[in-house]
2 protein chains.
Amino acid sequence: MNKKISPPKISQAELSVMEVLWAESPLPASDIAKALAAQKKWNIKTIKTLLSRLVDKQALSTTKDGRRYLYIPLISRESYATTAARTLSDRLFGGRAAPLVAHLAEGKGLSDEDIAELEVLLADLKGEGLKNER
Amino acid sequence: MNKKISPPKISQAELSVMEVLWAESPLPASDIAKALAAQKKWNIKTIKTLLSRLVDKQALSTTKDGRRYLYIPLISRESYATTAARTLSDRLFGGRAAPLVAHLAEGKGLSDEDIAELEVLLADLKGEGLKNER
DNA sequence: CCTTTCAGATTACAAGCGTAGTCCTACGTA
DNA sequence: TACGTAGGACTACGCTTGTAATCTGAAAGG
C-alpha cells in the first residue's frame with residue numbers, strides 16, 4: 001500500500017503563477033512575469049517568491065538554463081482541478097454533483113450551451129456506466 | 001447604488017462551526033462543542049476562538065442568554081455554497097459548469113442517482129430557459 | 001460568605017500567505 | 001578592467017489561521 005502523497009496546497013496567488021505555466025512551459029521567471037503583468041501588478045520579486053514556494057511544495061520543478069531556471073509544472077491543471085472540484089463538492093454538497101450544479105445555476109443561470117454540454121456529458125456518463133456495470 | 005458587501009471569508013475550521021449552526025441555531029458554544037466532538041477533537045477554547053472570529057467577520061450574530069451567548073448564522077449555507085461554487089467554477093473552469101461536472105465524474109464516477117438528479121435538473125433548467133427566453 | 005467553576009475577553013504563538021527588499025555573483029558591455 | 005545588471009538565495013513583515021492558555025467576573029454550591 002503506497003502512502004498517498006498529499007497534493008501540495010496551492011494558494012490563490014500561487015495559482016495564478018501555475019496558470020501561466022499550465023498554458024506554456026517551461027518558462028523562466030521573467031517570462032512568467034511578463035505574462036502576468038497584464039492582470040496583476042506584481043513586483044518580479046513577488047513572482048520569484050511564489051515560484052520558490054511552489055518549487056518547495058513540489059508543485060514545480062526546474063531545469064537550469066544558463067544562469068537562470070526554467071519552471072515546469074509537476075502537477076497538471078487537470079489533476080488540480082479535479083481535486084479542487086471534488087473537495088468543494090464533498091465539503092459543501094455531500095459529494096453530490098447535482099446540488100452543486102443547481103447552485104451554479106442559481107442566480108446566474110446556466111447558458112444554453114452549458115446545458116447542452118451537460119446533456120452530452122450525461123449521455124457519455126451513462127454509456128460508461130453501462131460498460132462498467134456489465 | 002448600494003455597495004455590495006463582500007461576503008466574509010470563512011476558513012476551513014470556521015466552516016465546521018458554521019455547519020453546526022446551519023444545522024441548528026441558535027446554540028450556545030457548549031452545544032456547538034458537543035456537536036463537533038465527534039468529528040474534531042478540539043478544545044472548547046478553540047471553538048470559542050473560532051466563534052469570536054466569526055462574529056468579528058459578521059458571519060454570526062449573538063444574543064445574550066443569561067451569562068452566555070447564543071450564536072446565529074448571519075449568512076446562509078445556501079448563499080455561502082453558491083458563492084463558493086461560483087468562485088471555484090470561475091477560477092478553474094472559466095465559469096462553465098460542464099467541465100466542472102466532468103472533473104467530478106472523472107475517477108470517482110458519478111453515481112446513477114447523481115446522473116438521474118442531474119437529468120431532472122437539466123430538464124427544469126430548460127423549462128426555465130424557455131420561460132425566460134420568451 | 002468563601003470557593004470552585006463556567007462563560008466570555010484577552011493574549012499567545014507558530015505556520016502559511018501576500019508582497020517585497022537586500023545580498024551576492026556571474027555576465028555582458030564600454 | 002570596472003560597472004551596471006539580471007538572477008537566484010535569503011530575509012522581512014504584517015495578516016490570517018489553527019490551536020490553545022490565561023485572566024476576570026459572575027454564578028452556584030457548601
Side-chain angles (χ1 to χ4, degrees), chain A residues 6-21 25-72 75 80 83-84 87 91, chain B residues 6-21 25-72 75 80 83-84 87 91:
Chain A
S6 53
K9 285 192 40 180
I10 295 174
S11 77
Q12 292 282 304
E14 287 162 359
L15 186 55
S16 310
V17 169
M18 292 301 289
E19 289 284 6
V20 172
L21 287 164
S25 79
L27 288 180
S30 55
D31 284 12
I32 297 171
K34 226 169 293 172
L36 285 171
Q39 304 111 293
K40 316 271 182 177
K41 39 190 192 9
W42 276 340
N43 190 298
I44 175 82
K45 298 300 191 177
T46 298
I47 293 169
K48 298 223 183 158
T49 300
L50 295 174
L51 285 168
S52 311
R53 289 180 181 167
L54 285 166
V55 171
D56 282 356
K57 295 182 182 183
Q58 313 201 40
L60 295 180
S61 69
T62 58
T63 56
K64 271 246 187 265
D65 171 45
R67 63 205 206 80
R68 66 187 187 175
Y69 289 136
L70 301 183
Y71 295 87
I72 304 179
I75 65 178
Y80 179 79
T83 301
T87 300
R91 286 187 62 67
Chain B
S6 53
K9 284 190 42 179
I10 295 175
S11 78
Q12 292 280 306
E14 288 162 358
L15 186 56
S16 310
V17 169
M18 292 302 290
E19 289 283 7
V20 172
L21 287 165
S25 81
L27 288 180
S30 54
D31 284 15
I32 297 172
K34 226 169 293 172
L36 285 171
Q39 304 112 294
K40 318 270 182 175
K41 39 189 188 20
W42 276 340
N43 189 297
I44 175 80
K45 300 299 191 178
T46 298
I47 293 170
K48 299 223 182 156
T49 299
L50 295 174
L51 285 168
S52 311
R53 288 179 182 168
L54 285 166
V55 171
D56 282 355
K57 295 183 182 181
Q58 312 202 42
L60 294 180
S61 70
T62 57
T63 56
K64 270 244 187 270
D65 170 45
R67 64 206 205 81
R68 63 188 189 174
Y69 288 138
L70 300 183
Y71 296 87
I72 304 178
I75 65 178
Y80 179 79
T83 301
T87 299
R91 282 191 66 65

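In what follows, every chain begins at residue 1, and chains take the letters A, B, ... in the order their sequences are listed. Treat the numbers as computed from the prediction; the structure is a model and nothing was measured. Values below: all heavy atoms of this structure, side chains included; hydrogens, waters and symmetry mates excluded.
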Residues passing the salt bridge (Lys or Arg N to Asp or Glu O under 4.0 Å) test with Lys40(A), sequence neighbours excluded, are none
Name the pairs: protein N/O against N/O of nucleotides 22-27 of chain C, kept only if under 3.5 Å.
residue, atom, partner, partner atom, Å
dT22(C), O4, Lys45(A), NZ, 3.0

Between Ala33(B) and Ile44(B) the two heavy atoms that sit nearest each other are CB-CD1, 3.4 Å
Whole-Å distance, Leu50(A) CG to dT19(C) C1', equals 8 Å
From the list Ile72(A), Ile32(A), Leu54(A), side-chain contact (heavy atoms from CB on, under 4.5 Å) with Leu21(A) holds only for Ile32(A)
Could you tell me whether Arg68(A) and Asp65(A) make a salt bridge, using a distance below 4.0 angstrom between a side-chain N and a carboxylate O?
-> yes
Those residues at least two apart in sequence (or on a different chain) that pass side chain to side chain contact (heavy atoms under 4.5 Å, CB included) with Thr46(B) are Trp42(B), Asn43(B), Leu50(B)
5'-most contact on DNA chain C (nearest-nucleotide basis), Ile10(A) vs Asn43(A), goes to Ile10(A)
Contact check, residues 52-63 of chain A vs DNA chain C, heavy-atom distance under 4.0 Å, returns Arg53(A), Lys57(A)
In this structure, CG of Leu60(A) is separated from OH of Tyr69(A) (nearest 0.5 Å) by 13.0 Å
Distance-only criterion, 3.5 Å: show the donor-acceptor pairs between side-chain atoms of residues 7-20 of chain B and protein atoms not counting sequence neighbours.
residue, atom, partner, partner atom, Å
Ser11(B), OG, Glu14(B), N, 3.4
Ser11(B), OG, Glu14(B), OE1, 3.3
Gln12(B), OE1, Arg91(A), NH1, 3.2
Glu14(B), OE1, Ser11(B), N, 2.8
Glu14(B), OE1, Lys57(B), NZ, 2.6
Glu14(B), OE2, Lys57(B), NZ, 3.0
Glu19(B), OE1, Arg77(B), NE, 3.0
Glu19(B), OE2, Arg77(B), NH2, 3.1

On a heavy-atom basis, the closest approach of Gly66(B) and Lys64(B) is O-CD, 3.6 Å
Comparing Tyr69(A) with Lys9(B), nearest DNA chain D nucleotide closer to 5' gives the residue Tyr69(A)
- Answer yes or no: does a side-chain N or O of Ser11(A) lie under 4.0 Å from OP1 or OP2 of dG16(C)? no
Span of DNA chain D engaged by chain B, first through last nucleotide within the 4.0 Å heavy-atom cut-off, is dT17(D) to dA27(D)
### Pairwise side-chain contact, Thr49(B) with Ser52(B), heavy-atom cut-off 4.5 Å (strictly under)
no
Value for CG (Leu70(A)) from OG1 (Thr62(A)), rounded to nearest 0.5 Å, stands at 8.5 Å
